[in-house]
Amino acid sequence: TLEFKSPVKQVMSCRHHEGDAETDKIYILLWNGMLYKCTGAMLMDPEVANDALDLKVAVVEEDDENEDDDKGEYKGFCVFGKKICIYGNDGLFTADVKDD
């Protein structure tokens with residue numbers, strides 16, 4: 001069981017995308033606005049311990065110093081190729097996918 005400091009709001013897999021957009025990444029949006037990514041094969045493997053996952057922050061806000069702040073300002077997101085689109089209370093935002 002993978003646990004976070006905030007409840008999970010949305011999960012998206014990019015494993016079904018085709019062409020250049022295909023990647024073995026799972027994205028996880030938390031209620032506090034943090035967006036994480038990890039390798040799908042590692043997440044699905046029961047032999048891989050939670051602390052061995054390659055779980056990383058996918059998008060970092062410049063003013064995001066407190067990841068425990070339960071703002072709930074993001075309503076959802078989508079990832080395709082090298083772009084992330086996030087929508088929330090302040091509109092629609094796009095960002096580049098961070099390379100590993």
Side-chain angles (χ1 to χ4, degrees):
T1 301
L2 191 57
E3 294 186 20
F4 296 97
K5 293 181 180 180
S6 181
V8 173
K9 184 177 265 189
Q10 180 183 342
V11 176
M12 180 182 173
S13 170
C14 294
R15 301 170 97 185
H16 64 283
H17 292 170
E18 296 180 7
D20 292 338
E22 182 180 3
T23 182
D24 186 23
K25 293 295 178 190
I26 306 292
Y27 289 82
I28 304 165
L29 175 65
L30 303 184
W31 178 257
N32 65 6
M34 296 297 293
L35 181 62
Y36 293 96
K37 68 177 178 177
C38 67
T39 301
M42 291 180 76
L43 185 62
M44 300 301 293
D45 187 345
E47 300 298 318
V48 176
N50 288 346
D51 57 353
L53 284 174
D54 61 345
L55 191 68
K56 296 179 182 166
V57 174
V59 175
V60 178
E61 289 186 56
E62 292 176 12
D63 63 346
D64 192 15
E65 296 176 7
N66 185 3
E67 87 175 51
D68 291 331
D69 184 13
D70 287 338
K71 296 183 259 186
E73 62 191 48
Y74 297 126
K75 304 297 181 191
F77 73 97
C78 69
V79 178
F80 190 78
K82 297 289 183 187
K83 290 289 184 188
I84 297 175
C85 184
I86 303 171
Y87 69 93
N89 295 342
D90 295 328
L92 190 65
F93 304 94
T94 60
D96 293 326
V97 173
K98 290 175 59 176
D99 291 326
D100 292 330

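- Between the CD1 atom of Ile26 and the CE atom of Met12 there is a distance of 9.5 Å, given to the nearest 0.5 Å.
- Cluster annotation: Tyr87 is not connected to Val8 through the hydrophobic network of ILVMFWY side chains, with a link wherever side-chain heavy atoms come within less than 4.5 Å.
- Summarising the geometry, atom CG belonging to Leu35 is positioned 5.0 Å from atom CZ belonging to Phe77; distances are rounded to the nearest 0.5 Å.
- A heavy-atom distance below 4.5 Å is not found between the side chains of Asp54 and Lys37.
- No donor-acceptor pair closer than 3.5 Å links the side chain of Lys5 to the backbone N or O of Asn32.
- Distance OG1/Thr39 to CG/Asp24: 6.0 Å, rounded to 0.5 Å.
- Atom OG of residue Ser6 and atom CG of residue Leu30 lie 5.5 Å apart, to the nearest 0.5 angstrom.
- Rounding to the nearest 0.5 Å gives a distance of 6.0 Å between CG of Leu43 and CD1 of Ile28.
- Two residues are said to be in side-chain contact when any heavy atoms from C-beta on lie closer than 4.5 Å; Leu53 and Leu2 meet this criterion.
- The shortest non-hydrogen separation linking Gly76 to Leu29 is CA-CD2, 3.9 Å.
- In this structure, the ring pair (Phe, Tyr, Trp, His ring centres under 6.0 Å) partners of Phe4, at least two apart in sequence or on a different chain, are Tyr36.
- Separating the NZ atom in Lys9 from the NZ atom in Lys75 is a distance of 5.0 Å, to the nearest 0.5 Å.
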